[in-house]
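Heads up: the structure comes next, in structure tokens.
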Amino acid sequence: MSEIKKYSASQRIEALLDPASFVEIGAYVTARSTDFNLKDFDTPKDGVITGYGVIDGKLVYVYSQDASVLGGSIGEMHAKKIANLYNLAVKCGAPVIGLLDCAGLRLQEATDALTAFGRIFKKMSLASGVIPQITAIFGTCGGGTAMIPSLTDFTFMTDQNSRLFVNSPNALDGNYEGKVDTSAASYISENTGLVDGVFATEADVLSEIRTLVGFLPSNNEDLAIAPCGDELNRTVPGIEAMDMEGIITNIADDLVFYEIKKAYAPDMKIGFIRMNGVTVGVVANADKTLTSAGMYKAARFVRFCDAFSIPLLTLVDVKNFAATIEEEKTISSAAAKLSFAFSDATVEKVTVVTGEAYGSAYITMDSKSLGADMVYAWPSAKIGMMDAVMAARIMYADEIAASPDKAAREKEIAKEYTELQGSALAAARRGYIDDIIEPDATRKRVIAAFEMLAEKAEDRPGRKHSAR
């Protein structure tokens, strides 16, 4: 573990921002409490460096906790500096990036620290959906401080030196760190969905944040657009033989797919691509079965994209919902969350059916009935209630059983069912599909659709907020 280089709080800021762009705010702030002999300690900057700078010319606000000052613990003035940074960021409409390395609340300051801690949570909550919030964990992030990354939009960790927990592994009944390290980056990223990426070094994490900032708008009134050097009418030969990640990558500008939460619920892929320079959020089935974790993961991503006016592209190849005892506890709630997120989103929404699209699982994946603005399908797509063979067995069980050649009769009925109710053409005839497109033309057709939808405006009934 000691072989992995750890940066100081200031070095992290230097590595994150463009050279010589950081301007510090509150450099002379120190702790003001004198309880429990705290006056005997020197607390430069009260354990957190705050300020602003630029990433590829884009303004960002940054705070970096200093573990060398009382373990980076959060005291009254430490929290006040972070809260003040949020005030500036919201006023100026720029992202906040928190570099976390913190021992938790400063016990010596008791309720002063606790109250200030709550103010951070309020500032973060009010900033949600207004400015992007990103955190990176480089050391300990435990107890109440674990809520900070949970309140942000994106979180990254280093795979060896960082820990994220409310209760440490040894405090959990029947567990200890050697058995299951529930605070480890690998456990958190694979089992909770709280972490968007885990990387070997701090330099890798900081580089990843720079890349992410490039995809995001600065605030909810900004647009995320970059110059496009890729061919808008570029075709993708052989795309129908690719897996979902290959499809996403090959339709993206410059073949770049920025995937997030890759280790969690891999049945669902989410992330950002650019199409004609415009950032687009992608939701896609990597498996033909929808899981609760995958749908919760996608729902939160959809809501983020909608909050920041990022268009949504949904790629569909799904047969059903996961069917296990464990999944039954949450599957309807998860499906409702994702359906609601898509229905509630007012950004431009384009859906492409690349394979199968059956039953309620298809409806959940931003179907026409949920409000997708444009829905395309490849010629080979199968769209309907269920697989044609299964439908034939259910609807014509007696007829098939009485046939002298059961297999042939079943095949014949299934073929007829597909033509009438289970094909892309059948769905298009009913207006549920806007067009059947050739697979290799997917990129240019999707780009054209988003360009057509660029001035979309959709009014909704007035309400304080949704109840979901």
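Values below: every heavy atom of this structure, side chains too, minus hydrogens, waters and symmetry copies.
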Tested for side-chain contact (heavy atoms from CB on, under 4.5 Å) against Met365, the lone hit among Thr351, Leu370, Leu338, Asp317 is Leu338
Using a 3.5 Å distance criterion without hydrogens, assess whether the side chain of Asn285 forms a donor-acceptor pair with backbone atoms of Lys288. no
Pair Thr158-Asn161, side-chain hydrogen bond (donor to acceptor under 3.5 Å, both in side chains): steps then yes or no: CA-CA 6 Å; Thr158 53; Asn161 293 323; 5.2 Å; no
Between Arg463 and Asp344, does any side-chain N to carboxylate O distance fall below 4.0 Å? yes
Find out whether Val90 and Leu126 are in side-chain contact, i.e. whether some heavy atom of one side chain is under 4.5 Å from a heavy atom of the other. no
Rounded to the nearest 0.5 Å, what's the gap from CG on Asp222 to CG on Asn219? Could you check? 5.0 Å
Do the non-hydrogen side-chain atoms of Leu232 and Lys444 ever get within less than 4.5 Å of each other? no
With a cut-off of 6.0 Å (strictly less than), are more than 12 heavy atoms of other residues, nucleotides or ligands near CZ of Phe199? yes
Regarding Lys329 and Glu327, does a basic nitrogen lie under 4.0 Å from an acidic carboxylate oxygen? no
Using side-chain heavy atoms (C-beta onward) and a distance below 4.5 Å, is Cys305 in contact with Pro311? no
Can you tell me if Ser183 uses its side chain to pair, donor with acceptor, with the backbone of Arg163 under 3.5 Å? no
Could you tell me the separation between the OH atom of Tyr362 and the NZ atom of Lys368, rounded to the nearest 0.5 Å? 9.0 Å
Say whether, by atom type as modelled, one donor and one acceptor occur between the side chain of Thr145 and the main chain of Gly142 under 3.5 angstrom. yes
In Å, rounded to the nearest 0.5 Å, how long is the span from CD of Gln11 to CD1 of Ile49? 10.0 Å
Show, in sequence, the C-alpha distance, side-chain angles and deciding distance for Lys123 and Asn87, and conclude whether the side-chain hydrogen bond (donor to acceptor under 3.5 Å, both in side chains) test is met. CA-CA 8 Å; Lys123 295 295 182 185; Asn87 288 338; 2.9 Å; yes
To the nearest 0.5 Å, tell me how far Thr50 OG1 sits from Leu85 CG. 5.5 Å
Within 6.0 angstrom of Arg210 CZ, more than 12 heavy atoms from elsewhere: yes
Check: Phe272 ring centre within less than 6.0 Å of Phe257 ring centre: no
Taking all atoms of both residues into account, what is the closest heavy-atom pair of Ile248 and Ala284, and its distance? CD1-CB, 3.9 Å
What one should report as the nearest heavy-atom pair of Ser162 and Ile137 is CB-O, 3.2 Å
Quick one: does Glu231's side chain have a donor or acceptor within less than 3.5 Å of a partner on Asn233's backbone? yes
Above 12 or not: heavy atoms from other molecules or residues under 6.0 Å from CD of Glu451? yes
Is atom CD of Glu455 surrounded by more than 12 heavy atoms (other residues, nucleotides or ligands) closer than 6.0 Å? no
Check this for me: does any side-chain nitrogen of one of Asp101 and Arg12 sit under 4.0 Å from a carboxylate oxygen of the other? yes
Is the side chain of Ser150 donor-acceptor paired with the backbone N or O of Ala146 at a distance under 3.5 Å, no angle test? yes
Is any NZ, NE, NH1 or NH2 atom of the basic residue among Lys261 and Asp196 found under 4.0 Å from an Asp or Glu carboxylate oxygen of the other? yes
Using the six-membered ring wherever Trp is involved, compare the ring planes of Tyr61 and Tyr52 and label them parallel, tilted or perpendicular (cut-offs 30° and 60°). tilted
Is there a donor-acceptor contact under 3.5 Å from the side chain of Lys81 to the main chain of Val48? yes
Could you grab the distance from atom OG1 of Thr182 to atom CG of Asn191, nearest 0.5 Å is fine? 10.0 Å
Is a side-chain donor or acceptor of Asp267 paired with a backbone partner of Ala286 at a separation under 3.5 angstrom? no
Before giving the answer on ring-ring contact (aromatic ring centres under 6.0 Å, His included), spell out for Tyr264 and Tyr296 the whole-Å C-alpha distance, their side-chain angles and the decisive distance to 0.1 Å. CA-CA 11 Å; Tyr264 179 70; Tyr296 282 132; 9.4 Å; no
Minimal heavy-atom distance between Leu164 and Val195, with the atoms involved, is CD2-CG2, 4.5 Å
With a 4.5 Å heavy-atom cut-off, do Ser332 and Lys337 have their side chains touching? no
Would the distance check show the side chain of Ser333 and the main-chain N or O of Thr330 forming a donor-acceptor pair, the cut-off being under 3.5 Å? no
Asp253 and side chain to side chain donor-acceptor pair (under 3.5 Å): which partner among Arg274, Arg443, Arg234? Arg443
I need the Glu245 CD to Leu315 CG distance, nearest 0.5 Å. 12.5 Å
Between Asp153 and Gln133, is there a donor-acceptor pair closer than 3.5 Å when you use the side chain of the first and the backbone of the second? yes
Heavy-atom donor-acceptor pair, Lys382 side chain to Ser380 backbone, under 3.5 Å: yes
For Pro217 versus Ile310, what's the shortest heavy-atom pair and its separation? CD-CD1, 4.0 Å
